[in-house]
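This report refers to the structure that appears directly beneath it.
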Number of protein chains: 2
Amino acid sequence: MNARFQIAIHILTLLDHADGEVLSSDYMAGSLNTNPALVRKEISNLRNHGLIDSKEGKGGGYTLSLSADKITLDMIYRTVKTGPLLGSSKNQPNPACPIGRQIGGQIGKLYDEVDHEILTKLSTITLAEFSRNFD
Amino acid sequence: MNARFQIAIHILTLLDHADGEVLSSDYMAGSLNTNPALVRKEISNLRNHGLIDSKEGKGGGYTLSLSADKITLDMIYRTVKTGPLLGSSKNQPNPACPIGRQIGGQIGKLYDEVDHEILTKLSTITLAEFSRNFD
DNA sequence: TGTACTGTAATAATTTTAATTACAGATAAA
DNA sequence: TTTATCTGTAATTAAAATTATTACAGTACA
């Protein structure tokens, strides 16, 4: 998931710098140093979350759906996130033990709190701000 | 790492509830529903970080090194943590691209900020408080 | 000296993640 | 209307990370 988050931000940063011009998955794969299908796969996800528009066919490619100062990093993070960042393990502690029985729930609560903290932090940073750090 | 954090907290919670009595890796493996060697391995790490004392030989086992209200969850998290929580991917973007060249550093900075946020949050919770939630 | 523990290395199994290939569908332009 | 260029997505393979297990030497108590 770490790698996917990086890929997603990378893609969106490229699109922001493209300034409205469409970019192809092939071009982006060059910058990411990976193959186009992987890029398209991640873009497919970003599009489902409303961050990217695509155009098929010759001369097609991708653009941002929203202006970069309307995209916060938590929005990007959410597209890539499955469960809580820290969890959740598939450990199956012993239900006959009081600690074992309750640990999952208690850890879950903790992870949710931490997750909320992360999302709040990421929501204070826009793609535009992030993207501005590049020469 | 997620699972290891859960295992570490689980172990420490058991020890807190044991109230000074030594617990064996075998007993804890019962609560964790896993095997003793795995428990000992994680404990070995916790001991290296000064959280657990061990006693070898017959009648041996484990106790907390510190009172549970002196152990904060960030201390536990640090024992299990290798790099930043979100990172760091081994992607190797294209250095010939301005974005590709700098993305690693920019992401790294971001991850460090997020990490700091998480540690700060975890430092506000003691093992004693966490442990108190169990019946 | 036997029993009950820890400590740790080595290895095997499993799961997860990432990368690749392949090809059908869409669009624009010649 | 055909060709070139691009997206969309499924299927597969490859690689990596994680977790689990086995095994056994070392230590301490009775």
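Throughout, a chain's letter reflects where its sequence line sits, starting with A, and its residues are numbered from 1.
Rounded to whole Å, the distance from CG on B:Leu38 to P on D:dT22 is 13 Å. In this structure, the CZ atom of A:Arg4 is 17 Å from the C1' atom of D:dA16, given to the nearest Å. A straight line from CG of A:Leu15 to P of D:dT7 spans 11 Å, rounded to a whole angstrom. One atom, CG of A:Asn35, and another, P of D:dC6, lie 16 Å apart when rounded to the nearest Å. Computed from coordinates, the B:Asn45 CG to D:dT18 P distance equals 14 Å when rounded to whole Å. Residue A:Asp53 contributes atom CG, which lies 14 Å from atom P of D:dT7 at whole-angstrom precision. Taking atom CD of B:Glu42 as the reference point, atom C1' of D:dT18 lies 12 Å away to the nearest angstrom. B:Tyr27 places its OH atom 18 Å from the C1' atom of C:dA4, with the value rounded to the nearest Å.
Annotation for B:Phe134: atom CZ counts as buried by contact number, over 12 foreign heavy atoms lying within 6.0 Å. Counting non-hydrogen atoms of neighbouring residues, nucleotides and ligands closer than 6.0 angstrom, the NE2 atom of B:His116 reaches no more than 12 such neighbours.
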Check the pair B:Asp135, A:Arg101 against salt bridge (charged side-chain N to carboxylate O under 4.0 Å, His left out), reporting the backbone distance first and the verdict last. CA-CA 10 Å; B:Asp135 302 328; A:Arg101 182 165 55 247; over 6 Å; no
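Residue B:Arg47 places its side chain closer to C:dG7 than to any other of C:dT6, C:dG7, D:dT9.
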Generate the contact string for nucleotides 22-30 of chain C. Rules: B means base contact, S means sugar-phosphate contact only, - means no protein heavy atom under 4.0 Å. B--BBBB--
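Put simply, B:Tyr62 has a side-chain N or O that comes within less than 4.0 Å of OP1 or OP2 on C:dG7. Contact annotation: B:Ser44 side-chain N/O to C:dT6 OP1/OP2 distance is not under 4.0 Å. The phosphate of C:dC5 has neither OP1 nor OP2 within less than 4.0 Å of any side-chain N or O from B:Ser25. At C:dA18, none of the side-chain N or O atoms of A:Thr34 fall inside 4.0 Å of OP1 or OP2 (strictly under the cut-off).
The existence of a salt bridge linking A:Lys121 and A:Asp74 is excluded, since no basic side-chain nitrogen approaches an acidic carboxylate oxygen closer than 4.0 Å.
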Counting only pairs under 3.5 Å, give me each side-chain donor-acceptor contact of residues 49-56 of chain B, with atom names and distances, residues two or more places apart or in other chains.
from: B:His49; atom 1: ND1; to: B:Asn45; atom 2: O; distance (Å): 2.9
from: B:Asp53; atom 1: OD1; to: B:Ser65; atom 2: OG; distance (Å): 2.9
from: B:Ser54; atom 1: OG; to: B:Arg47; atom 2: NH1; distance (Å): 3.1

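By the 30° and 60° cut-offs, the orientation of the rings of B:Tyr77 relative to B:Phe5 is perpendicular.
For the residue pair A:Ser67 and A:Asp69, a side-chain donor N or O sits within less than 3.5 Å of a side-chain acceptor on the partner.
Place A:Gly60 and A:Lys41 on DNA chain D by their nearest nucleotides, and A:Gly60 ends up nearer the 5' end.
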